[in-house]
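Data first, discussion second: the structure below is written as structure tokens.
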Number of protein chains: 2
Amino acid sequence: MIMARKQAKSRPETVRKRAEILHAAMEIFGAKGFASGTLAEIADQVDMTHAGVLHHFGSKTQLLLEVLDYRDQTDVADLVEQHIPGGLEMFRHLVRTAFANARRAGIVQAFAVLSGESVTDDHPAREYFQVRYRNLRSGIADAFAEVCAQHGVTEPDTITHASASILAVMDGLQVQWLLQPEAVELGPATEFAIEAIVAAVLSPQPRFVATPDPAR
Amino acid sequence: MIMARKQAKSRPETVRKRAEILHAAMEIFGAKGFASGTLAEIADQVDMTHAGVLHHFGSKTQLLLEVLDYRDQTDVADLVEQHIPGGLEMFRHLVRTAFANARRAGIVQAFAVLSGESVTDDHPAREYFQVRYRNLRSGIADAFAEVCAQHGVTEPDTITHASASILAVMDGLQVQWLLQPEAVELGPATEFAIEAIVAAVLSPQPRFVATPDPAR
DNA sequence: GTCTATAAGATGATAGAC
DNA sequence: GTCTATCATCTTATAGAC
């Protein structure tokens, strides 16, 4: 279980320094990954030694975990938080996020790098991303359920697949965009894909790809 | 430029050992990433010392690069190779691949981990994945063009976005599936998403998400 | 071709002074 | 709280014996 450990009592100066370190850590881990990013690099960015950083967080792993929930608490653009848009508004929000992300390569890279790395054996951020994806999927599924209630019934499987797919395109397009910004238009491509998936859920489609008996 | 360096002349025993090492390296890099996977681990798997491995490949980076094009040469299921299915058959092929991948977690993980890692600053596999994605996108775009020619015209932008989106869902779903196999059905979800995207390209859709003037 | 030995450097973490 | 010093590993790479 990932828990946010409150720094109950600390001098304001200390809290500020911790935040500064967390910010720097996000940058370094985002740029080089958790494995390759070093405490020394992070320390450099906040004019300290790596020993100083360790004084605040105890270990490198602990620092990563705190970086991750710091992001969740800070990032106002978070989806499954307080002001969750419902229904179709949710999908518009996701599209707007994609357009906004096209101007925030740093953060996009951080999540792309760390989520990819989290899939490795025994990665400290594995649980974080499991929980994150589960929450995001269920938030999107709720939006689908709401919209479906208005437009007519849909199979639950469809909503499940569609929710995962929307997250998947967003992530996948980010990776391609980071590798080749000139070849992928993050905003428009995301908009196209989300529109396509929402349409598939809401209106009965002719099937183009399906075959009677694919070799499964 | 990534080039396959032919091992022009070598004893057959040597060639076999090299292949054995490449296989082990793919496994280790796939499981732990390039940064965390070590030469010693790879060497262990083929009953050698890390010095032996370095004798064959010169450096760790070189080993990774050769692993990657070894995969391309070996993997018969590769898309942009010889027997590229055209038209709708391409999309059926992609769906079948997803179903097949659900039984090859190892390889799926390797590509998920390495492609994510490739986005980090100055990663040795960065160019490889740039080229790979570019080729895959253009292969899919060709299939779309072919199908579109039969079903009616479509804007080129649509094809571009759709091609990137299809790759993106496939990759994104793999990550979610690796993190939570019980929550994501890789095959069916991929099938749904591809069907949705193909439908969006082929048949004019009502727009659900679009707003007059999204805050971009 | 493979090993042993070793270099050479980096890294996470600890201990103790200030 | 931060630094210096130091530890203990770990890791890539090289040199030379067999």
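Here is the naming used below: chain letters follow the sequence lines, and residue numbers restart at 1 for every chain.
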| query | According to the interplanar angle, ranging from 0 to 90°, do the rings of A:Phe144 and A:Phe91 count as parallel (below 30°), tilted (30 to 60°) or perpendicular (above 60°)? | reply | tilted
| message | Distance alone, cut at 3.5 Å: any donor-acceptor contact between the side chains of B:Gln176 and A:Arg134? | response | no
| query | Is there a donor in the side chain of B:Asp69 and an acceptor in the side chain of B:Tyr128, or the other way round, less than 3.5 Å apart? | reply | no
| said: Which residues in residues 30-52 of chain A have a heavy atom closer than 4.0 Å to any atom of DNA chain C? | reply: A:Gly37, A:Thr38, A:Leu39, A:His50, A:Ala51
| message | At a heavy-atom distance below 4.0 Å, which nucleotide of DNA chain D is the first touched by chain A, and which is the last? | response | D:dG1 to D:dT4
| query | Any idea how B:Phe192 and A:His161 line up, ring-wise: parallel (<30°), tilted (30 to 60°), or perpendicular (>60°)? | reply | tilted
| Between A:Arg71 and A:Glu66, is the closest basic N to carboxylate O distance under 4.0 Å? | no
| request: Apply side-chain hydrogen bond (donor to acceptor under 3.5 Å, both in side chains) to A:Lys32 and list each qualifying residue two or more places apart in sequence or on a separate chain. | output: A:Glu41
| Which heavy atom of B:Leu173 sits nearest a heavy atom of A:Ala168, and at what distance? | N-CB, 3.4 Å
